**Q** 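What follows is a single structure, and I will ask about it in a moment.
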Amino acid sequence: MRRKIEKSDAEWREQLTPEQYHVTREKGTERPFSGDYQVTDEHGIYHCVCCHAPLFENEHKFDAGCGWPSFDRPLSSGCVEQQPDGSHGMQRTEVICARCNAHLGHVFPDGPQQTTGQRFCINSVAIDFHAGE
């Protein structure tokens, strides 16, 4: 198991843009349809913007029509963690980076039934695409 990455708030603020910091460290959400949510055929892997851990493969991205990047599964079972989230008067399941605890988004059971049935709804500012990986 990889060691958890821990940094001070000042270190995270220096590394991240204000929007990336708000989403990943303060559990914020970007506006729908404001980021890169488009589906393409390009091969590559999405990494955490905080610690650069590989998280999602582009081939598992799909258009959920929700305005955020959606994936039917993470890259591996250990790269993300899920935890209950009762914020905003809703019961949801939060998705965080297993390496640095960055808030990525939420997972819902309304994904493609022909694959996993899951929809990992991820903030685009929380991930960085690496083409060709």
Side-chain angles (χ1 to χ4, degrees):
M1 179 178 217
R2 287 190 281 187
R3 196 182 93 206
K4 287 272 190 181
I5 292 177
E6 296 181 21
K7 294 183 180 184
S8 69
D9 277 346
E11 290 172 307
W12 287 125
R13 285 183 190 277
E14 186 176 310
Q15 174 186 330
L16 304 168
T17 68
E19 187 177 24
Q20 287 171 329
Y21 180 86
H22 174 65
V23 169
T24 62
R25 308 321 305 176
E26 298 178 321
K27 300 181 186 283
T29 302
E30 67 188 353
R31 287 186 343 268
F33 302 102
S34 66
D36 180 16
Y37 62 91
Q38 299 298 322
V39 175
T40 70
D41 291 334
E42 188 170 12
H43 182 71
I45 295 178
Y46 289 87
H47 292 250
C48 176
V49 296
C50 294
C51 70
H52 313 293
L55 301 174
F56 299 96
E57 274 187 283
N58 195 42
E59 71 181 67
H60 298 294
K61 189 177 186 183
F62 66 96
D63 185 1
C66 63
W68 292 279
S70 297
F71 303 87
D72 69 354
R73 71 193 79 170
L75 183 62
S76 68
S77 61
C79 67
V80 298
E81 295 175 358
Q82 299 178 30
Q83 56 190 33
D85 177 5
S87 65
H88 305 292
M90 297 180 273
Q91 291 302 313
R92 300 178 292 176
T93 302
E94 180 185 15
V95 178
I96 62 171
C97 175
R99 191 164 180 214
C100 71
N101 294 334
H103 170 77
L104 303 171
H106 293 87
V107 62
F108 302 97
D110 61 357
Q113 293 305 306
Q114 66 273 26
T115 60
T116 66
Q118 295 183 314
R119 174 173 56 98
F120 285 81
C121 185
I122 306 299
N123 289 283
S124 67
V125 298
I127 53 178
D128 185 34
F129 184 63
H130 293 216
E133 283 189 356

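Not measured: the values here are computed from a predicted model.
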**Q** Side chains of Glu94 and Glu81: closer than 4.5 Å at any heavy-atom pair?
**A** no
**Q** How close do Ser70 and Cys121 get, counting heavy atoms only, and between which atoms?
**A** OG-CA, 4.5 Å
**Q** Under the rule for side-chain hydrogen bond (donor to acceptor under 3.5 Å, both in side chains), what residues qualify as partners of Thr29, not counting sequence neighbours?
**A** none
**Q** SG of Cys100 to NZ of Lys4: how many Å apart, nearest 0.5 Å?
**A** 8.0 Å
**Q** How close do Arg25 and Cys50 get, heavy atom to heavy atom, and via which atoms?
**A** NH1-SG, 3.5 Å
**Q** Taking only residues two or more places apart in sequence, or in another chain, which ones meet Glu42 in a side chain to side chain contact (heavy atoms under 4.5 Å, CB included)?
**A** Thr40, Asn58, Phe129, Ala131
**Q** Using modelled atom types and a 3.5 Å cut-off, is there a donor and acceptor pairing between side-chain atoms of Asn123 and backbone atoms of Val125?
**A** no
**Q** Determine whether a donor-acceptor pair (N or O, by modelled atom type, separation under 3.5 Å) exists between the side chain of Trp68 and the backbone of Glu30.
**A** yes
**Q** How long is the span from the NE2 atom in His106 to the CE atom in Met90, to the nearest 0.5 Å?
**A** 7.5 Å
**Q** Among all residues two or more places apart in sequence or in another chain, which pass the side chain to side chain contact (heavy atoms under 4.5 Å, CB included) test with Gln118?
**A** Val107, Thr116, Phe120
**Q** By side chain to side chain contact (heavy atoms under 4.5 Å, CB included), which residues pair with Gln91, not counting sequence neighbours?
**A** none
**Q** Find the distance between SG (Cys51) and CD (Gln15) and round it off to the nearest 0.5 Å.
**A** 9.0 Å
**Q** Which atoms form the tightest heavy-atom contact between Arg73 and Thr115, and what is the distance?
**A** NH2-CB, 3.7 Å
**Q** Tell me the salt bridge (Lys or Arg N to Asp or Glu O under 4.0 Å) pairs involving residues 5-18, sequence neighbours left out?
**A** Arg13-Glu26
**Q** Do you know which two heavy atoms are closest between Cys97 and Leu55, and how far apart they sit?
**A** SG-CD2, 4.3 Å
**Q** Test question: given the 4.5 Å side-chain rule for I, L, V, M, F, W and Y, name all other residues clustered with Leu16, or answer none.
**A** Ile5, Trp12, Tyr21, Val49
**Q** Measuring from atom NZ of Lys27 to atom CG of Asp85, what distance do you get when rounded to the nearest 0.5 angstrom?
**A** 7.0 Å
**Q** Which pair of heavy atoms, one from Phe33 and one from Cys66, lies closest together, and at what distance?
**A** CZ-C, 3.8 Å
**Q** Hey, what do you get for CD (Gln83) to CD1 (Ile96), rounding to the nearest 0.5 Å?
**A** 4.0 Å
**Q** Determine whether a donor-acceptor pair (N or O, by modelled atom type, separation under 3.5 Å) exists between the side chain of Gln20 and the backbone of Pro18.
**A** no
**Q** In terms of hydrophobic clusters joined by side-chain contacts under 4.5 Å, are Ile122 and Tyr46 together?
**A** yes
**Q** Say you draw a straight line from CZ of Phe71 to CD of Glu57; how long is it, rounded to the nearest 0.5 Å?
**A** 10.0 Å
